Asker: 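Handing you a structure now.
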There are 2 protein chains.
Amino acid sequence: MKLLDFFTDKVTEIGLSDLARLSGIDKATVLRMLQDMAESGFVEQNPENRRWRLGAGILRLARLREAAQPVTRVLTPILERLAGDTGETAHASLLSGRDLANIGVVEPTRANRVYIEPGLALPLHATASGLAFTAFARPEQRDRVLGRKLSAITGTTPVTRDSLAAMLTRTAARGFAVADQTYEDEVYGLAVPLFGPDGFACGALAVATPASRVSEPHERGILAALAPAAAEATRGLGGRVPAHHRIIY
Amino acid sequence: MKLLDFFTDKVTEIGLSDLARLSGIDKATVLRMLQDMAESGFVEQNPENRRWRLGAGILRLARLREAAQPVTRVLTPILERLAGDTGETAHASLLSGRDLANIGVVEPTRANRVYIEPGLALPLHATASGLAFTAFARPEQRDRVLGRKLSAITGTTPVTRDSLAAMLTRTAARGFAVADQTYEDEVYGLAVPLFGPDGFACGALAVATPASRVSEPHERGILAALAPAAAEATRGLGGRVPAHHRIIY
DNA sequence: AACGTCGGTGTAAATAATGAACCAACAAGG
DNA sequence: CCTTGTTGGTTCATTATTTACACCGACGTT
């Protein structure tokens with residue numbers, strides 16, 4: 001299933017040989033995997049160039065999940081309001097396997113804004129969303145993140161266990177997370193956890209701003225919009241904000 | 001991946017033992033599969049009752065596919081207009097593996113209307129959408145459908161190769177498909193193919209009406225709305241309607 | 001014409017998946 | 001209060017599976 005992770009916003013179709021190279025798996029094996037996944041509708045082959053792309057079955061499953069729990073429907077209006085109020089790009093993400101899945105993005109109207117790929121997988125240690133989630137996640141999840149080897153994505157990405165742990169305790173104390181160009185240069189992120197029914201984080205709500213625009217009042221304004229939006233989102237998803245959670249700037 | 005097919009509109013969470021029973025696979029194997037899929041975000045475990053449900057990673061992939069080719073965005077307004085014009089339930093589906101994946105449904109406002117499960121997998125031989133698709137699909141796909149053993153879903157479902165072949169040639173001649181309670185009792189379906197860039201069918205656009213409401217003028221009215229809607233949808237998806245395609249009532 | 005790449009196919013070797021038995025924990029029932 | 005039947009999860013020896021190498025024809029470039 002990791003084959004699917006090679007499809008991104010930009011590269012929507014991949015040929016057999018390319019996919020084998022990218023994944024490091026033998027061509028024959030990749031082909032069989034793709035054919036199996038095609039049976040289930042996860043991928044489909046472009047009949048023109050014989051390249052592979054994500055299949056319509058994914059849309060079906062997504063509708064199924066959305067019918068069971070309408071996260072997109074709940075989050076989209078909240079994101080729109082958040083982007084409008086802050087004038088910055090707002091996005092929401094949920095835990096998906098070993099990182100956060102970007103579920104929704106809304107950009108503001110201004111010209112200088114942060115672009116976030118739709119459907120991006122956000123690493124838990126290098127993004128504001130990831131920190132906000134991890135700091136309030138179930139302890140075993142927190143520990144699993146701390147136990148990984150942390151990849152350096154930019155120069156300021158935390159790579160040692162200690163620096164990450166420090167960031168997490170700081171995040172837990174403040175109630176929100178900051179990521180100063182730890183994932184992408186020039187991008188400054190503020191994030192707040194989204195809570196599940198068990199009172200632990202299940203995702204995050206975040207605002208990304210160009211680093212050049214960061215200032216104390218701006219930051220304060222973003223958090224003022226982010227906090228109630230996250231509370232509303234948590235409620236809308238059927239979650240419960242734990243009593244001790246406070247946002248302290 | 002067939003494990004995922006046991007999740008439906010109604011049953012959104014399944015326990016390990018249930019899933020093992022349903023699939024006929026050993027518990028241990030199912031557990032391992034689920035854990036692997038959880039790593040990729042396809043499923044996730046409800047921490048409260050330890051049951052499994054579709055994961056957030058599916059939403060991510062769906063967003064990715066939607067970014068590559070915005071089918072939902074294109075089809076939804078068309079479906080809404082279609083449902084409004086006909087006063088009946090309209091739905092669209094695309095080929096996904098061995099059957100059609102229901103991609104969008106819009107219901108009319110009237111009380112007596114057909115309900116179609118979101119995210120349903122439509123069998124190719126037993127639904128109007130399936131017939132419309134298969135009749136205009138690439139020859140090899142058509143033959144694959146004819147080669148299957150056809151399951152009887154209602155009393156009128158075509159089960160022999162010959163009866164299905166007859167239905168397909170009739171569909172090909174008329175340009176649209178009719179399914180008179182072949183999938184669900186009391187439901188009458190009319191469908192038109194959606195075409196891909198290669199001029200072969202890639203899906204179908206359909207209107208479902210209670211069998212009690214069927215009449216020649218009603219049917220004529222539905223087709224009058226369906227035909228231009230399908231043409232618009234095909235264009236919107238980047239497809240090409242073959243020159244020979246005509247709808248002849 | 002030579003070369004590289006493409007998607008795809010067989011087959012023998014080697015790995016990985018499999019499932020019966022077992023466990024603790026919980027619930028309903030007598 | 002014990003029985004009986006669930007549940008989710010684990011173990012480990014057996015086994016069948018996947019794997020990857022080599023090869024193929026087709027297409028495009030050089």
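We name chains A, B, ... by the order of the sequence lines, and we start the count at 1 in each one. Keep in mind that this is a model prediction, so the values were computed, not measured. Every heavy atom of this structure was used, including side-chain atoms; hydrogens, water molecules and symmetry mates were not.
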Asker: Look at the side chain of B:R32 against the base of D:dG9 and say whether a donor-acceptor pair falls under 3.5 Å; ignore hydrogens and angles.
Answerer: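 Per atom types, no contact qualifies.
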Asker: Give the nucleotide from the list C:dG7, D:dT11, C:dG10 with an atom nearest to the side chain of A:L16.
Answerer: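 Nearest nucleotide to the side chain: C:dG7.
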Asker: Kindly give the heavy-atom pair with the smallest separation between B:P139 and B:F200, and that separation in Å.
Answerer: CD-CE2, 3.9 Å
Asker: So which heavy atom on B:G196 is nearest to which on B:C202, and how close?
Answerer: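 In terms of heavy atoms, the two residues are closest at N-SG, 3.8 Å.
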Asker: Between B:T134 (side chain only) and B:L131 (backbone N and O only), is there a donor and an acceptor less than 3.5 Å apart?
Answerer: no
Asker: Please give me every residue in residues 21-29 of chain B whose heavy atoms get under 4.0 Å of an atom in DNA chain C, ordered by residue number.
Answerer: B:D26, B:A28, B:T29
Asker: When you compare the side chain of A:F176 with that of A:L226, does any pair of heavy atoms fall below 4.5 Å?
Answerer: no
Asker: Out of curiosity, B:I153 CD1 to B:L150 CG, how far, rounded to the nearest 0.5 Å?
Answerer: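 Going from CD1 on B:I153 over to CG on B:L150, the span is 9.5 Å.
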Asker: Keeping A:T157 on the side-chain end and A:T182 on the backbone end, is there a donor-acceptor pair under 3.5 Å?
Answerer: yes
Asker: Expressed in angstrom and rounded to an integer, what is the separation of A:L3 atom CG from D:dT18 atom P?
Answerer: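 A:L3 atom CG is separated from D:dT18 atom P by 15 Å.
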Asker: Listing request: all side chain to side chain donor-acceptor pair (under 3.5 Å) pairs with a residue in residues 16-34 of chain B, at least two apart in sequence or in separate chains.
Answerer: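 The answer is B:D18-B:R21.
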Asker: Which whole-number value in Å describes the distance from A:L31 CG to D:dC21 C1'?
Answerer: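 A:L31 atom CG is separated from D:dC21 atom C1' by 15 Å.
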Asker: Kindly indicate whether the side chain of A:D9, heavy atoms from C-beta on, has any atom under 4.5 Å from the side chain of A:Y115.
Answerer: yes
Asker: With a 4.5 Å limit on heavy-atom distance, are the side chains of B:R63 and A:V105 in contact?
Answerer: yes
Asker: Closer than 4.0 angstrom, basic N to acidic O: yes or no for A:D5 and B:R60?
Answerer: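 Here A:D5 pairs with B:R60 in a salt bridge, since their nearest N and O are under 4.0 Å apart.
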Asker: Side-chain contact, heavy-atom cut-off 4.5 Å: A:W52 with A:L31?
Answerer: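 Touching, per the 4.5 Å side-chain cut-off.
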Asker: Nearest whole angstrom, please: distance from the P of C:dA16 to the CE of A:M33.
Answerer: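 Computing the A:M33:CE to C:dA16:P distance gives 12 Å.
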Asker: Under the 3.5 angstrom rule, does the side chain of A:H125 hit a backbone N or O of A:S151 as a donor-acceptor pair?
Answerer: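 Looks like yes, one N/O pair under 3.5 Å.
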Asker: Is the phosphate of C:dC6 approached by A:S17 (side-chain N or O, under 4.0 Å from OP1 or OP2)?
Answerer: yes
Asker: Just the rounded figure in Å: distance from P of D:dT7 to CD of B:E13.
Answerer: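 In whole Å, D:dT7 P lies 16 Å from B:E13 CD.
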Asker: Where do N or O atoms of nucleotides 27-30 of chain D meet protein N or O atoms at under 3.5 Å, pair by pair?
Answerer:
none

Asker: Without decimals, in angstroms, what is the distance between B:I14 CD1 and D:dT7 C1'?
Answerer: 15 Å
Asker: Using whole Å, what does the distance between atom C1' of nucleotide C:dT18 and atom CG of B:L34 come to?
Answerer: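 The answer, rounded to whole Å, is 16 Å.
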Asker: Which pairs, with at least one residue in residues 193-206 of chain B and sequence neighbours excluded, count as a side chain to side chain donor-acceptor pair (under 3.5 Å)?
Answerer: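 Sorted result for residues 193-206 of chain B: B:R138-B:D198.
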Asker: Mind listing the residues from residues 43-57 of chain A sitting with a heavy atom below 4.0 Å of DNA chain D? Number order is fine.
Answerer: none
Asker: Would one find more than 12 heavy atoms of other residues, nucleotides or ligands at under 6.0 Å from atom CZ of A:R170?
Answerer: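 12 or below, so no.
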Asker: Under 3.5 Å for both distances, Watson-Crick or G-U wobble, that's the pair rule; now give the dot-bracket for DNA chain C, with | marking pairs to another strand and [ ] for crossing ones.
Answerer: ||||||||||||||||||||||||||||||
